[in-house]
Amino acid sequence: MQILSFGGANPPLAVDYLVVAGGAGGGGATATFYGGGGAGAGGLRSTVTATGGGGSLESALSVTAGVALTVTVGAGGAGGSPASNNGTNGSDSVFSSVTSTGGGGGGSANTTTPGGRNGVLGGSGGGGSGSSNTLASAGGAGTANQGFAGGAGQFTGDQRGGGGGGAGAVGATATASANGGTGVAVSITGSSVTYAGGGGGGVYGPTGSPGTGGAGGGGDGGPTGSNGVNGTTNLGGGGGGASTFSFATTGGNGGSGVVIIRYADTFDAAASTTGSPTITVIGGYRIYNFTGSGTITF
């Protein structure tokens, strides 16, 4: 265990937090003409800015001196391979009793697999895939107070996957822009950073444009014959959907999540931490930024 500082006689009674889960992987595409769905962003819960999915502001978490609290930073999900049903869901992030749900995978453009065309439910839901076989694909649902749903795919015209849901907005349907849903801007570190944007849908078509990733680390969808773009590390962004042209392609990987804890700097520093968080004191707050899993004891 790495001891970074010793607490004193004045520990905090409650702390603010931002808990963002890992974003999911975008949908892959087979060696025919299809576009994979954009992936859902990781769920977002916060006491500083309203939670994802249109939820209300959460209350500060009560803490007890001398008790080690678990911090788990969720990994991003893998992009869907050509043969898989969809992108892999992101992993949950956890701070003590607060859990944010990993993002939902983007739908695969593998039309031989039943159900593989639909986006997957998660913190934010994945977008459905686009195909040419007139079979509709639905976006996956988001989790209440954490993120929004993904958009449906398009099976006519440009065969475009839907955008993945973000913490701040639904993913666009493929008949619109196929863009990933935007994330949520949070100022817990002393400056505004946007987290948990959805991935854009991939597109096959001579005139169609792929969806762009939502603000907050969402990866762009692939244009014809391209892999999806990865979501951004430690922002919880969803990966972009792939697109194919006579060869198979892979969806973008999801970005890992983050856990950030803060409280007034009139209280003592944490007694100990593991996991090597970045510690800053700014604007009247002590801030612990975990980009890897560990513990914190006040």
Side-chain angles (χ1 to χ4, degrees), residues 17-26 38-58 72-77 87 89-95 98-106 119-127 139-151 163-172 179-189 192-200 211-220 229-240 252-260 289-291:
Y17 57 80
L18 169 68
V19 182
V20 179
L44 183 150
R45 297 182 61 181
S46 174
T47 63
V48 177
T49 303
T51 59
S56 59
L57 193 68
E58 298 192 3
T72 302
V73 176
N89 280 21
S91 298
D92 296 351
S93 288
V94 180
F95 170 47
V98 179
T99 298
S100 290
T101 305
V120 183
L121 64 86
S124 292
T143 299
N145 301 322
Q146 295 191 32
F148 285 93
V170 297
N179 292 343
T182 188
V184 170
V186 185
S187 298
I188 192 169
T189 61
S192 180
V193 178
T194 301
Y195 300 86
T212 59
D220 292 342
V229 176
N230 295 340
T232 303
T233 301
N234 298 130
L235 293 183
N253 298 327
S256 56
V258 69
V259 175
I260 302 174
N289 188 328
F290 286 83
T291 57

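Note that the structure is a prediction, hence the values are computed from the model and not measured.
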Q. Can you list every salt bridge (charged side-chain N to carboxylate O under 4.0 Å, His left out) pair that touches residues 43-58, not counting sequence neighbours?
A. Arg45-Glu58
(Q) Could you check whether any side-chain N or O of Asn89 sits under 3.5 Å from a backbone N or O of Gly40, counting only pairs where one atom can act as donor and the other as acceptor? (A) no
**Q.** Whether Thr143 side chain and Gly122 backbone form a donor-acceptor pair below 3.5 Å
**A.** yes
Q | Pairing residues for Thr232 by the side chain to side chain contact (heavy atoms under 4.5 Å, CB included) criterion, not counting sequence neighbours | A | Leu235
Q: Name all residues meeting the side chain to side chain contact (heavy atoms under 4.5 Å, CB included) criterion together with Ile260; count only those two or more places apart in sequence or in a different chain, and write none if there are none.
A: Leu18, Ile188, Thr189, Tyr195, Val258, Ile287, Asn289
Distance-only donor-acceptor hits, side chain of residues 98-106, under 3.5 Å, sequence neighbours excluded:
unit_1, atom_1, unit_2, atom_2, d
Ser100, OG, Val19, O, 2.7
Thr101, OG1, Gln146, OE1, 3.4

Q) Looking only at heavy atoms, which two atoms of Gly22 and Ser93 are closest? And how far apart? A) N-OG, 4.3 Å
Q | Partners passing side-chain hydrogen bond (donor to acceptor under 3.5 Å, both in side chains) against Asn179 (at least two apart in sequence or in another chain) | A | Ser177, Thr212
Q: Not counting sequence neighbours, which residues clear side chain to side chain contact (heavy atoms under 4.5 Å, CB included) with Val184? List them please.
A: Leu44, Thr49, Ala167, Val186
Q.
Tell me if a side-chain donor or acceptor on Asp220 pairs with a main-chain N or O of Gly213 at a distance below 3.5 Å.
A. yes
**Q.** Contacts of Ser256 that satisfy side-chain hydrogen bond (donor to acceptor under 3.5 Å, both in side chains) - sequence neighbours left out
**A.** Asn234
Q | For Gly42 against Ala196, the heavy-atom pair lying closest together | A | O-CB, 3.5 Å
Q. Closest approach of Gly165 and Ser124, non-hydrogen atoms and distance?
A. O-CB, 3.1 Å
(Q) If the condition is side chain to side chain contact (heavy atoms under 4.5 Å, CB included), which residues does Thr194 pass it with, not counting sequence neighbours? (A) Ala185, Ala215
